[in-house]
Every structure is written in structure tokens, then in C-alpha cells.
Amino acid sequence: MIKTPRGTKDVLPSESYKWQYLEKKFKEVTDLFNYKELRTPIFESTEVFSRSIGEETDIVNKEMYTFNDRSDSSLTLRPEMTAALVRSAIENSLTNTAGVQRLWYFGPFFRYERPQKGRFRQFHQFGVECLSSPNPDSDVEVLHLADKLIKEIGISEYTLFINSIGNKASREKYNNVLVQYFNENKDKLSENSKERLDKNPLRILDSKSPDDIALLDDAPKISDSLDEESQLHYNQVKEKLTSLGIKFMENHKLVRGLDYYSHTVFEFQSNLLGAQDSFGGGGRYNELFSQLGGKDVPAVGFAMGVERLLIILEESGKFDNIEEQIDLYIVKATKDDSVIYNLISKLRDNGVILNYDLLDKNFKGQFKEANRVNAKWTMIIGDDEISNNKLTIKNMKSGEQSEIDFENILKFNFKD
RNA sequence: GCGGAAGUAGCUCAGUCGGUAGAGCAUCAGUUUGUGGAUCUGAACGUCGCGGGUUCAAGCCCCGUCUUUCGCCCCA
């Protein structure tokens, strides 16, 4: 039997309504904030990601689906959206117009990782990006949208963690202080973090190793390295979040894995997810546009893992007791199809959701089928009904049955 | 990429000391013509993940492999 490749899965008919539910909410909430959808190709030139995410990150180093096409161009299945979106914004001159650009996206992404709960090789992200504003107000708008969305889809147990990693100068200053501290204590660092010390020292901050955690108590904090501009930005973000009534916790150890972040970084966490406890995250990226060959454009955004949202919703019982119904099941008891098909066509024109037998089931079998598809009503069309010019309709919940004239059938309410 | 656990009917799972596989749920059928759900009776349903090996004999033991899962790593 041929199976889906490792780390991928089918969304089955019995599950797809959950995805449609989320997609509907994405649309509703982004409409509320006047964000517009941007769709980009599933694959991009490899350099879109290699030049932006960071050469030393695992994503670029070992997780990208990179291949050469038949004309030897190096292409990569997109592992994330922000870099692709910035590529598109530059290519299409989106930021050359006045004002800010409010964008959202939803779609599949690809990383060659070892699958686990909430971690797949093809996974889906929903996200938004707000381009062209350096103001803390745009950080806050994006956070407001994210927080609103999470509440709208029915997640109540979660925590928003925020931090600032400052502008470039502050970050470089902190990087030096931190590297110095860890070098002085290198023998106490975990093996993993010794490597991180060379590649991405900030990542040591969110290490899970007890050795590192002990060391971090006395480590210099990034807040002490923030310059005036960075501090002002961060403080305003916090004040405005408070004014909006958005709950957050500061976590000075929160950093992000991708190289392009600056100033505000944040993460939404749920304890229903196990090791992959983060279901959304993002931050500001003021230097990404210029890294990808554009002008300096400040921007901020976030992404959410859709599979992780689904896990949270499923585990919190959001989809329990979902009952799918159809309005009507037509029970055929005549060979005279013409009357039936004429009626079916008119009923569907009137918006009645209906099914009927396609398997030549007998009378009893058709009722069983009506029951299985959870029909609110059944309608019997037999030779008796046709000769009497009447139809028999039955309410499947109460079991009550009555007759109705042919010409009145379109006025009947099958929805209740 | 590293370490642990698991894979048996459509689903959830039993399967003892190695002796050719079972339950519940679901499915299908049930005293001649047009009435579903509950109960009862019966039936059907298996490449025991896949491939090797040991053995008279393997779901069970050994090796490999694939997939899932829990951590590490990474990240949404």
C-alpha cells in the first residue's frame, strides 16, 4: 500500500470541517483589521531563504527541501512565509505606495524534520505582516489581531510572552556581553549550548538543559543592554498592550531562532501541546528588507501553526458534539424518475440540502441511509403519492408523518 | 541527526509457556409487496506494518527496515 510520505497527512472528509472552521475565522478577523491576503508560490529561489533566515539556523542548514529543477535553478519549498512575503513585496513594489501594507496569508510550508506531535514535514501556517511602520503601534496592532483571533477560534488557555531583543546596536552589544559571560563559564555549559555559543549565542537563553538554566540565573539580561531607542519602543508596546486589555508576560529569556528579528519578539504558548508548546510567534524585522535587496522597510508580523491550533481545539473539546445534518432525504418508491428529478432540481434551487439513494436500496434501506446521514426530514415519493398528487414527509426526530400537496412543497421549511 | 515506546479487523484494543488469531464498537442480513434509531439472533471482515532469520512450528524469539509516538534538537 502506498502511504503519504513521512510527516505528511491527508485531511479526511471527517476532519476537513475543522480546517474550514479555522479558515473562516482567519478571514473574519483579518477583515476586521482590514488586512489583505497575499498568495505566493509554494517554491522560491533558494536564496530567498538562505539570505534571510540565517545560514547557521537548522532551517537553512538541514531542514529545507531544496532541489535543482531541469534547468539547474536551485529552488526550495518554502519553510516559512516572512522571507517569501518580503521578496514579493520588493518585487511588486508594494511598499512604494503611501501608508502601511497590511497582509495576511495561509498555506502549506515544508521542513525536513523528525515528525512529532504538532510537528510535520508539511505543515500549515496562518500569519500576518504589517509593513512600513516603525511605530510600536504596529507591533501592538499585530499582537491585537493575533490575540483576537486566538479568542475568536475558541482558545482560552494560553499565555502570551513578550520580550525585546532591541535594535541592531543593542543586540550586538548584548551578544558580546553574553558571549563573554558564557566563555567565562564554558565548562558549565551543556554540549548543545557550547555549539550555540559559536552559532547563535542568544539561543542559549531558552535552553532546556538544567546546566544552562542554572547558569542563566546570573547571566546578563538583555534589558540591561537596550539603548534608549530600543527601551522606548519596548515600553510603548507594553503600555499600549495594557491599554488594549491584552494580557502578556514578560520573558527576558525569549529569543527567536530566525536571524532577522529585532525589537519586539513574542510567542503564544499552550500547555496542551507537549514539547512543541508554542503555537504562534513573531516579532519585528526591520532589517529583513535590506537583507533581501530592498530599501529599508520596517515591519512586524507573526505566524501560527495551524495543526497546533487544531490540537489545542481538539484537546479542549471544541469539536465534541458536532452534529452534521442534511435537510432532506428523498425515499424513492417508484420507477417514475422524471417526477423525482424534477422535484430534486427545484428543491436544490431553493437551497434545500438533500440526498437520495444511489445504490438501489430497498425502502427500509433508504430509511436507514436517511438516518445515517442525519437527515432532518424524509420525503417519500411513491406511485401512491404521484397518483394522489401528494407527498409524504416525515420528521426524523419526532417520527411524525404527514401529507403535503405537490404544489406546496417548495414553501415547506426543511431547515427546522 | 540522537535516545525511549509502539504498530494485530474500518475504530479501540486482548492475545498466557512459540502450536496457523479474538472481544467491544462499527458494517451487513433477519418470517412476500411502503417506514429509520433500541433490543435480540446471525453473518461477513485479517498480507498480525514490511523484509529476512531461528524453529517441526513465529503475532510472540533475533536482525533489518518503514511509520507513529514521547523526549533531545529545532521551531509554528
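Below, read A as the first sequence line, B as the second, and so on, with proteins coming before strands; counting in each chain starts at 1.
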Pairwise N/O distances under 3.5 Å, protein to nucleotides 26-31 of chain B:
unit_1, atom_1, unit_2, atom_2, d
B:C28, OP1, A:R372, NH1, 3.4

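Aromatic rings of A:F363 and A:F367 (six-membered ring for Trp) have centroids within the 6.0 Å cut-off, being under it. Side-chain rings of A:F43 and A:F110 stay apart, their centers remaining 6.0 Å or farther from each other.
Minimum atom distance to the side chain of A:N371 is reached by B:G37, of the listed B:G34, B:G37, B:A76. With B:G37, B:C73, B:U35 as the choices, the nucleotide that has an atom nearest any side-chain atom of A:Q401 turns out to be B:U35.
The partner of B:U31 cannot be assigned: no Watson-Crick or G-U wobble pair with both contacts below 3.5 Å exists in any strand. Nucleotide B:C61 is matched to B:G53 when pairs are restricted to Watson-Crick or G-U wobble geometry with both distances under 3.5 angstrom. Here B:G71 sits opposite B:C2 as a Watson-Crick or G-U wobble pair (both hydrogen-bonding atom distances under 3.5 Å). Nucleotide B:U12 forms a Watson-Crick or G-U wobble pair with B:A23, both donor-acceptor distances falling under 3.5 Å. Remark: B:G18 base-pairs with no nucleotide in the shown strands. Criterion, Watson-Crick or G-U wobble with two distances under 3.5 Å. With a cut-off of 3.5 Å on both Watson-Crick or G-U wobble distances, the partner of B:G37 is given as none.
Note on A:I380: a base of the nucleic acid sits closer than 4.0 angstrom, heavy atoms only. Across all strands, A:G281 comes closer than 4.0 Å only to sugar-phosphate atoms, never to a base (heavy-atom distances). A:F363 comes within 4.0 angstrom of a base, heavy atoms only. Among the protein residues, A:K3 comes within range of no part of the nucleic acid, since none of its heavy atoms lies under 4.0 Å from any strand. Looking at heavy-atom distances under 4.0 Å, A:E385 makes contact with a base. Residue contacts shown for A:G365 are absent, as no nucleic acid heavy atom lies under 4.0 Å away.
For the residue pair A:T392/A:Q401, the side-chain donor-acceptor check at 3.5 Å is not satisfied. For the residue pair A:K247 / A:Y158, no side-chain donor-acceptor distance below 3.5 Å is found, with atom types taken as modelled. At a cut-off of 3.5 Å, with distance as the only test, no side-chain donor of A:S190 or A:R196 sits close to an acceptor on the other residue. If you check the side chains of A:E250 and A:Y234, you find a donor sitting under 3.5 Å from an acceptor. Side-chain contact, A:N350 with A:K346: no donor N or O sits under 3.5 Å from an acceptor N or O. Donor-acceptor pairing under 3.5 Å is recorded for the side chains of A:S132 and A:Q101. Between the side chains of A:S262 and A:N167, no donor-acceptor pair is found at a separation under 3.5 Å. Side chains of A:S170 and A:S230: a donor on one and an acceptor on the other come within 3.5 Å. Looking only at atom types and distance, the side chain of A:H233 has a donor-acceptor partner in the side chain of A:D139 under 3.5 Å away.
With C1' as the reference atom, B:G30 and B:C66 are 44 Å apart, rounded to whole Å. Taking atom P on both nucleotides, B:G52 is separated from B:A58 by 13 Å, rounded to a whole Å. When the P atom is used for both B:G34 and B:A44, the distance is 28 Å, rounded to whole Å. As rounded to the nearest Å, B:G3 and B:C11 have C1' atoms that lie 31 Å from one another. As rounded to the nearest Å, B:C25 and B:A57 have P atoms that lie 39 Å from one another. Rounded to whole Å, the separation between the P atoms of B:U67 and B:C28 comes to 35 Å. Comparing the same atom, P, in B:G15 and in B:G1 gives a spacing of 34 Å after rounding to whole Å. Of the C1' atoms belonging to B:U8 and B:G24, the separation is 15 Å, rounded to the nearest Å.
The residues A:E287 and A:R171 are annotated as salt-bridged, a charged nitrogen and a carboxylate oxygen being separated by less than 4.0 angstrom.
Computed from coordinates, the A:R6 CZ to B:U65 C1' distance equals 12 Å when rounded to whole Å. In this structure, A:K376 places its NZ atom 18 Å from C1' of B:G36, rounding to the nearest Å. One can place CD1 of A:I311 at 13 Å from C1' of B:U68, the figure rounded to the nearest angstrom. Summarising the geometry, the separation between CD1 on A:I326 and P on B:G36 is reported as 18 Å, rounded to the nearest angstrom. Distance A:D384 CG to B:U33 C1': 11 Å, rounded to the nearest Å. In this structure, CG of A:L273 is placed 10 Å from P of B:G71, rounded to the nearest angstrom. The nearest whole Å value for the distance from the CG atom in A:D211 to the P atom in B:C72 is 15 Å. Whole-Å rounding puts the A:K194 NZ to B:C73 P distance at 15 Å.
Residues of residues 106-127 of chain A having a heavy atom closer than 4.0 Å to RNA chain B, listed by number: A:R111, A:E113, A:R114, A:P115, A:Q116, A:K117, A:G118, A:R119, A:F120, A:F123, A:Q125. Of the residues in residues 406-415 of chain A, not one comes within less than 4.0 Å of RNA chain B through any heavy atom. Residues from residues 16-52 of chain A placing a heavy atom under 4.0 Å of any atom in RNA chain B do not occur.
Within the structure, a side-chain polar atom (N or O) of A:K208 is placed less than 4.0 Å from OP1 or OP2 of B:C72.
Summarising the local packing, NZ of A:K117 is surrounded by more than 12 heavy atoms from other residues, nucleotides or ligands at distances under 6.0 Å. Within 6.0 Å of CD on A:E157 lie no more than 12 heavy atoms contributed by other residues, nucleotides or ligands.
Contact of A:R308 with B:C75 (side chain to base): a donor-acceptor pair of N or O atoms is detected under 3.5 Å.
Pairs passing the salt bridge (Lys or Arg N to Asp or Glu O under 4.0 Å) check and including a residue from residues 175-191 of chain A, sequence neighbours excluded, read A:E191-A:K194.
Projected onto RNA chain B by closest heavy-atom contact, A:A303 and A:E400 fall at different nucleotides, the more 5' of which corresponds to A:E400.
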Show me the donor-acceptor pairs within less than 3.5 Å that the side chains of residues 31-38 of chain A make with the rest of the protein, sequence neighbours left out.
unit_1, atom_1, unit_2, atom_2, d
A:D31, OD1, A:K27, NZ, 3.1
A:D31, OD2, A:K27, NZ, 2.7
A:N34, OD1, A:K36, NZ, 3.4
A:Y35, OH, A:E141, OE2, 2.7
A:E37, OE1, A:R39, NE, 3.4
A:E37, OE1, A:R39, NH2, 3.1
A:E37, OE2, A:R39, NE, 3.0

Could you go step by step and tell me if A:K253 and A:D206 meet the salt bridge (Lys or Arg N to Asp or Glu O under 4.0 Å) rule?
CA-CA 6 Å; A:K253 293 181 191 169; A:D206 62 2; over 6 Å; no

